[in-house]
S.K.: 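Here you go, one structure.
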Number of protein chains: 2
Amino acid sequence: MLRLSKLTDYAVVVLVRLSSMDGVQTSPGIAAATGIPEPTVAKVLKILAGSDLVSSQRGARGGYRLNRVLADIPVADVITAIDGPIALTACVDGSASECESLCMCPMRGRWDPVNAAIQSALTSISLADMQPSTIPLAFRMPAEAPHVPVQSPLRAAE
Amino acid sequence: MLRLSKLTDYAVVVLVRLSSMDGVQTSPGIAAATGIPEPTVAKVLKILAGSDLVSSQRGARGGYRLNRVLADIPVADVITAIDGPIALTACVDGSASECESLCMCPMRGRWDPVNAAIQSALTSISLADMQPSTIPLAFRMPAEAPHVPVQSPLRAAE
DNA sequence: TGTTAACCGTACTCACTCAGTCCGGATTGC
DNA sequence: GCAATCCGGACTGAGTGAGTACGGTTAACA
């Protein structure tokens with residue numbers, strides 16, 4: 001499975017939550033609203049603040065505020081902020097030190113078109129496209145509901 | 001970083017190597033040619049055989065043989081064979097048991113368009129596109145990579 | 001000015017996953 | 001029968017990431 005870190009998933013949840021209310025929101029408040037552990041929310045917000053996706057306000061009555069509207073935040077930005085540059089293999093980003101020891105690697109640079117395709121796919125989708133309003137079913141999922149994931153176009157890949 | 005398992009990387013190398021010669025090839029031979037440890041090559045080939053990408057022939061003078069030409073093998077097939085279904089988050093594939101304990105997750109199903117975009121991107125690229133001779137220069141990633149791929153590294157594998 | 005509420009930064013631990021290895025068995029050609 | 005090769009499973013060590021804890025800093029407010 002192409003793996004995305006859990007923190008990235010959390011980041012999207014947090015950003016969507018931030019956009020749902022005006023003014024600043026505290027990390028405990030977001031944690032309570034989303035069900036994500038509070039220290040984890042704080043961790044995610046801190047990283048996002050470092051990438052200028054949100055801005056922080058310290059002190060009493062402080063909190064976090066979204067810097068841009070959701071439609072202006074491509075998914076690629078969130079993934080890059082949390083996980084670092086989007087690259088499927090170590091060969092593509094800067095950290096190819098390991099590969100240098102294996103100089104006969106015949107795939108050097110071959111993943112570039114794949115990475116480029118994924119990069120452009122992720123850039124073309126904004127967080128607004130992932131908002132509940134566009135797929136109105138899932139925001140309030142009753143606890144007893146049998147877990148029926150929204151039908152995924154990816155099931156064909158199995 | 002969007003993570004792809006090393007085995008998938010190896011699988012591409014192995015498949016390209018298989019396509020470069022007629023007849024069956026043994027895993028020790030492929031290991032020697034690619035520099036990948038032999039048990040790992042065997043592991044990759046076994047998985048690929050289970051996905052009908054290659055066929056195996058047991059016994060003396062046995063080995064592995066490519067079932068299709070490279071142009072008929074999309075990258076998505078290789079990734080699916082090695083890593084399982086292409087899905088960025090556990091919510092999308094079947095293994096969402098963990099998510100059931102967190103029923104207020106507002107992102108349920110939201111990753112579907114992202115996964116679909118990546119799936120189509122990966123399906124549109126075949127292994128033949130990753131072969132050394134076929135990469136158009138314009139496809140190279142300009143960003144943040146002082147690491148210029150070695151030209152035609154596949155020769156080293158022959 | 002002191003208290004309080006919130007962010008900030010770092011370090012730590014635990015658990016999980018994956019790459020790589022090993023071994024015995026089955027199959028096939030000579 | 002022997003040798004070469006694939007087959008299948010189990011095991012281990014390393015790496016990584018999620019989550020936690022704690023003390024410090026900043027700013028609003030009474």
Side-chain angles (χ1 to χ4, degrees), chain A residues 1-11 13-14 18 23-32 34-51 54-65 79 81-84 88-90 95 97-99 101-102 105, chain B residues 1-11 13-14 18 23-32 34-51 53-65 79 81-84 88-90 93 95 97-99 101-102 105:
Chain A
M1 179 173 92
L2 251 172
R3 184 67 53 83
L4 201 65
S5 79
K6 252 184 186 176
L7 283 187
T8 306
D9 203 355
Y10 291 158
V13 175
V14 166
L18 269 180
V24 300
Q25 293 183 61
T26 69
S27 53
I30 297 175
T34 59
I36 303 171
E38 182 193 328
T40 303
V41 171
K43 192 182 202 172
V44 167
L45 283 170
K46 188 171 49 179
I47 298 174
L48 294 177
S51 300
V54 305
S55 57
S56 65
Q57 182 174 337
R58 303 183 68 169
R61 307 187 60 91
Y64 289 93
R65 164 186 303 129
I79 295 176
I82 303 288
D83 285 339
L88 293 179
T89 61
S95 62
S97 58
E98 154 198 12
C99 213
S101 66
L102 193 66
C105 165
Chain B
M1 178 174 90
L2 253 171
R3 183 69 51 84
L4 202 65
S5 79
K6 253 182 184 175
L7 284 188
T8 305
D9 203 354
Y10 292 158
V13 175
V14 166
L18 270 179
V24 300
Q25 294 183 60
T26 68
S27 51
I30 297 175
T34 58
I36 303 171
E38 183 193 328
T40 303
V41 171
K43 192 182 200 173
V44 167
L45 283 170
K46 191 169 49 177
I47 298 174
L48 293 177
S51 300
L53 288 174
V54 305
S55 57
S56 65
Q57 181 174 337
R58 303 182 67 167
R61 306 186 61 90
Y64 289 93
R65 165 186 302 125
I79 296 176
I82 303 288
D83 285 339
L88 293 179
T89 61
D93 64 8
S95 63
S97 58
E98 155 197 14
C99 212
S101 65
L102 194 65
C105 165

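So that the names make sense, note that chain A is the first sequence line, chain B the second, and so on, each numbered from 1. Here the structure is a predicted model, which means the values were calculated and not measured.
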S.K.: Assign A:L45 to base, sugar-phosphate, or nothing according to its heavy-atom contacts below 4.0 angstrom with the strands shown.
M.R.: nothing
S.K.: Atom CZ of A:R65 to atom P of C:dA6: distance rounded to whole Å?
M.R.: 15 Å
S.K.: Of all heavy-atom pairs between A:A11 and A:V44, which one has the smallest distance, and what is that distance?
M.R.: CA-CG1, 3.6 Å
S.K.: Assign each of B:K46 and A:E38 to its nearest nucleotide of DNA chain D by heavy atoms, then name whichever residue's nucleotide is nearer the 5' end.
M.R.: B:K46
S.K.: Under the rule for side-chain hydrogen bond (donor to acceptor under 3.5 Å, both in side chains), what residues qualify as partners of B:S55, not counting sequence neighbours?
M.R.: B:N67
S.K.: Hey, what do you get for OH (A:Y10) to OG1 (A:T34), rounding to the nearest 0.5 Å?
M.R.: 9.0 Å
S.K.: Only counting residues at least two apart or in another chain, list the ones meeting side chain to side chain contact (heavy atoms under 4.5 Å, CB included) with B:P37.
M.R.: B:P39, B:T40
S.K.: Please pick, from C:dA19, C:dC7, D:dC6, the nucleotide with the shortest atom-to-atom distance to any side-chain atom of B:S27.
M.R.: D:dC6
S.K.: Looking at residues at least two apart in the chain, or sitting in another chain, which of them share a side-chain hydrogen bond (donor to acceptor under 3.5 Å, both in side chains) with B:T8?
M.R.: B:S5, B:D83
S.K.: I'd like to check the side chain to side chain contact (heavy atoms under 4.5 Å, CB included) partners of A:A42; sequence neighbours left out, ordered by chain and number.
M.R.: A:S27
S.K.: Of the candidate nucleotides D:dG19, C:dG20, D:dC6, which contains the atom at the shortest distance from the side chain of B:T40?
M.R.: C:dG20
S.K.: Under the rule for side chain to side chain contact (heavy atoms under 4.5 Å, CB included), what residues qualify as partners of A:P28, not counting sequence neighbours?
M.R.: A:T26, A:E38
S.K.: Take B:G63 and A:S5, find for each the nucleotide of DNA chain D with the closest heavy atom, and name the residue whose nucleotide sits nearer the 5' end.
M.R.: B:G63
S.K.: Can a side chain N or O of A:S56 be found less than 4.0 Å away from OP1 or OP2 on C:dA6?
M.R.: no
S.K.: Output the rounded distance in Å from CD1 (A:I30) to P (C:dA6).
M.R.: 12 Å
S.K.: Encode nucleotides 11-16 of chain D as B, S and - characters from 5' to 3', where the letter depends on protein heavy atoms closer than 4.0 Å: B to the base, S only to sugar-phosphate, - to neither.
M.R.: ------
S.K.: If I compare all heavy atoms of B:L48 with all of B:A81, which pair ends up nearest, and what's the gap?
M.R.: CD2-CB, 4.4 Å
S.K.: Tell me: CD1 of B:I82 to P of C:dT17, nearest whole Å?
M.R.: 18 Å
S.K.: Test side-chain contact (heavy atoms from CB on, under 4.5 Å) on B:I30 and B:L45; report intermediate values, then the result.
M.R.: CA-CA 10 Å; B:I30 297 175; B:L45 283 170; 4.0 Å; yes
S.K.: For the side chain of A:P37, counting heavy atoms from C-beta on, which of D:dT20, D:dA18, C:dC8 is nearest?
M.R.: D:dT20
S.K.: Between D:dG19, D:dC6, C:dC8, spot the one nearest the side chain of A:Y10, thanks.
M.R.: D:dG19
S.K.: Please state how far atom CD in A:Q25 lies from atom P in C:dC7, giving the value in whole angstrom units.
M.R.: 11 Å
S.K.: Reading nucleotides 25-30 of chain C from the 5' end, what letters show protein touch, with B for base, S for backbone sugar-phosphate only, - for no heavy atom under 4.0 Å?
M.R.: BBBBSS
S.K.: Atom CG of B:D9 and atom P of C:dC18: how far apart are they, to the nearest Å?
M.R.: 15 Å
S.K.: Roughly, in whole Å, what's the span from CD1 in A:I47 to P in C:dC7?
M.R.: 15 Å
